[in-house]
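First up is the structure itself, then whatever we jot down about it.
Proteins get letters first, then strands, A, B, ... in listed order; numbering begins at 1 in each. Just so it is clear, the structure is predicted and the values come from calculations on it, not from any experiment.
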There are 2 protein chains.
Amino acid sequence: MPKRLLSFTRSVHGVNVSAVTSPLVWEHVQPAAARRLLTGAVDAFAERGFQATTTRDIASRAGMSPAALYVHYPSKERLLFEISLYGHNAALEVLRSADTGSTPTDRLRSLVSAFTAWHAQHHTIARVVQYELAALSPEHLAEVATIRRAISTQIEQVLADGVHDGSFAVTDLPGTTLAVLSLSIDVARWYTPHRGDPEALGKLYADLAHRMVGA
Amino acid sequence: MPKRLLSFTRSVHGVNVSAVTSPLVWEHVQPAAARRLLTGAVDAFAERGFQATTTRDIASRAGMSPAALYVHYPSKERLLFEISLYGHNAALEVLRSADTGSTPTDRLRSLVSAFTAWHAQHHTIARVVQYELAALSPEHLAEVATIRRAISTQIEQVLADGVHDGSFAVTDLPGTTLAVLSLSIDVARWYTPHRGDPEALGKLYADLAHRMVGA
DNA sequence: GTCTATATTTCGATAGAC
DNA sequence: GTCTATCGAAATATAGAC
């Protein structure tokens with residue numbers, strides 16, 4: 001089995017990903033056979049959902065027999081958890097790396113732009129992250145839930161700072177935080193490469209979020 | 001088998017629905033056994049997804065044996081299609097009924113408020129509508145896709161009218177249309193009754209959409 | 001129209017050879 | 001570490017009695 005992902009330092013923002021998950025994103029997963037199984041699982045889970053994906057399908061995409069999967073992962077759910085944990089950490093890291101501006105307005109624009117572009121660029125991973133939570137075991141779900149709270153807090157803090165210094169006119173802080181997050185997250189549902197450049201979409205959504213907070 | 005839903009005249013906007021789908025929404029499905037199967041399927045599909053739901057689970061929620069399901073529906077997929085078709089028609093009807101204002105601003109606020117509140121109020125049905133499209137047969141998917149285009153057009157027309165008369169400042173019309181729709185649709189993913197009143201959420205989202213179009 | 005019983009297929013996961 | 005072969009469970013859907 002590949003090593004568990006406990007730390008996450010490499011930024012994945014901007015890495016090119018086609019309709020099929022690029023192995024570049026999963027370079028740290030070793031050996032190569034484990035990585036092929038994982039990228040096959042990402043594509044299959046994103047296309048058909050966890051429950052509709054068979055271990056035979058995953059193994060087939062990796063060019064292996066069904067039994068070989070279990071040399072690298074103890075179960076189908078564990079494969080999902082590895083993807084979900086890495087994806088959540090990647091999304092959080094994108095936000096933290098983007099929180100750089102000197103004003104709440106600059107910070108919000110940067111956060112929304114990066115978070116949105118990530119969901120477009122990595123829409124296959126993002127689909128698994130956002131729509132397959134119910135298939136995780138209770139213990140694994142609890143682990144990714146802590147990362148999800150950190151993601152939400154990252155947005156909420158910028159909005160709170162902007163309300164405090166008068167940059168933003170927001171009356172319902174939790175509701176507006178959820179709405180801003182929600183707008184970016186839903187990109188994973190509908191995005192396909194033919195719908196445009198992820199960076200351009202990020203800029204549009206930064207504009208929209210900027211307007212949403214009354215600036 | 002229950003009669004196919006070819007017409008849709010009864011507004012369901014504002015009908016009360018608890019965590020378990022209210023039979024009130026499905027009064028037109030006859031006989032009662034077919035309706036119990038359908039509401040059980042809505043709840044099961046919304047909770048676990050189509051693929052993770054077994055025909056035994058649906059029949060059990062209806063208080064029947066697994067075999068009894070096939071007297072009323074020829075397959076599990078047909079049950080999904082009936083729900084999806086009705087749900088899409090309901091969402092479209094909610095939009096059409098809400099497009100009443102005399103100015104683009106009033107119309108947009110009314111549309112977003114009603115569409116958002118519907119996704120909150122009927123979040124179990126809405127989850128099936130928005131997240132189980134991939135489980136439909138190609139023919140059935142094509143049928144609901146025409147309704148989805150009508151839903152999108154309803155929003156886009158109001159935005160176009162507002163741009164034309166100077167009410168709205170929108171440069172990317174398709175992108176902003178998708179974003180406004182997307183914001184309401186994602187409510188189905190996260191909404192639970194403890195998150196607040198659907199009508200209040202509708203008003204908040206009307207404010208946010210109003211700001212998004214630069215008004 | 002609902003039941004019990006079951007046909008048939010396919011699933012996740014394992015055993016054991018190499 | 002990958003294979004072939006297969007186990008045991010569970011799935012959708014059907015048959016036939018009542």
Side-chain angles (χ1 to χ4, degrees), chain A residues 1-4 23 26 29-45 47-84 128 132 134-140, chain B residues 1-4 23 26 29-45 47-84 128 132 134-140:
Chain A
M1 297 203 336
K3 215 168 55 207
R4 242 309 269 296
W26 304 102
V29 178
Q30 294 292 346
R35 185 167 61 247
R36 291 204 313 275
L37 286 164
L38 197 134
T39 58
V42 171
D43 294 337
F45 293 163
E47 271 180 42
R48 317 138 77 83
F50 175 82
Q51 298 283 354
T53 299
T54 68
T55 53
R56 280 167 174 81
D57 181 19
I58 296 167
S60 169
R61 288 174 192 250
M64 299 159 74
S65 74
L69 186 150
Y70 294 92
V71 174
H72 301 281
Y73 301 94
S75 68
K76 192 173 77 159
E77 190 274 342
R78 180 59 180 261
L79 207 34
L80 172 66
F81 174 58
E82 298 282 343
I83 294 162
S84 188
V128 181
E132 301 299 332
L136 291 168
S137 72
E139 296 76 17
H140 289 164
Chain B
M1 299 200 340
K3 217 168 51 210
R4 245 309 270 295
W26 303 103
V29 178
Q30 294 291 346
R35 185 167 61 245
R36 289 203 315 273
L37 286 164
L38 196 135
T39 59
V42 171
D43 294 338
F45 293 163
E47 269 179 45
R48 316 136 82 86
F50 175 82
Q51 298 284 356
T53 299
T54 66
T55 52
R56 280 170 170 78
D57 181 19
I58 296 167
S60 168
R61 288 174 193 249
M64 296 156 77
S65 75
L69 187 152
Y70 294 91
V71 174
H72 300 281
Y73 300 95
S75 69
K76 191 173 77 158
E77 192 272 343
R78 179 59 182 261
L79 209 32
L80 172 66
F81 174 58
E82 297 281 343
I83 295 163
S84 188
V128 180
E132 302 299 333
L136 291 168
S137 74
E139 294 77 16
H140 288 162

Worksheet item: Could you go step by step and tell me if A:F45 and A:I58 meet the side-chain contact (heavy atoms from CB on, under 4.5 Å) rule?
Response: CA-CA 9 Å; A:F45 293 163; A:I58 296 167; 3.9 Å; yes
Give the rounded distance in Å between these two atoms: [atom1] of [X] and [atom2] of [N].
X	N	atom1	atom2	value
B:Y70	C:dC3	OH	P	14 Å
A:K76	C:dC11	NZ	P	9 Å
A:L37	C:dA13	CG	P	14 Å
B:L69	C:dC3	CG	C1'	14 Å
B:Q30	C:dG1	CD	P	11 Å
A:Y73	D:dT2	OH	C1'	16 Å
B:E77	D:dA13	CD	C1'	15 Å
B:R48	D:dA10	CZ	P	14 Å

Practice prompt. Name the nucleic acid region contacted by A:A67, choosing base, sugar-phosphate or nothing; use a 4.0 angstrom heavy-atom cut-off, strictly under.
Written response: base
Discussion item. Within the 4.0 Å heavy-atom criterion, would you say B:T54 contacts the bases, only the backbone, or no part of the nucleic acid?
Written reply: sugar-phosphate
Fill in: Nearest-nucleotide 5' precedence on DNA chain D, A:R56 against A:M64
A:M64
Worksheet entry | Residue whose nearest DNA chain D nucleotide is more 5′ - B:T53 or A:P66 | A:P66
Practice prompt. With the side chain of B:S75 defined as its heavy atoms from C-beta on, choose the nearest nucleotide among C:dT2, D:dA13, D:dC3.
Written response: D:dA13
Practice prompt. Go through the steps to decide whether A:S84 and A:E132 satisfy the test side-chain contact (heavy atoms from CB on, under 4.5 Å), and finish with yes or no.
Written response: CA-CA 8 Å; A:S84 188; A:E132 301 299 332; over 6 Å; no
Worksheet item: So do B:S137 and B:R78 actually touch side chain to side chain, heavy atoms under 4.5 Å?
Response: no
Worksheet entry | Short side-chain N/O contact to C:dG12 OP1/OP2 from A:T55, under 4.0 Å | yes
Worksheet entry | Donor-acceptor under 3.5 Å (A:R35 side chain, A:V29 main chain) | yes
Worksheet item: What's the shortest heavy-atom distance between A:A41 and A:I83, and which atoms?
Response: CB-CD1, 3.9 Å
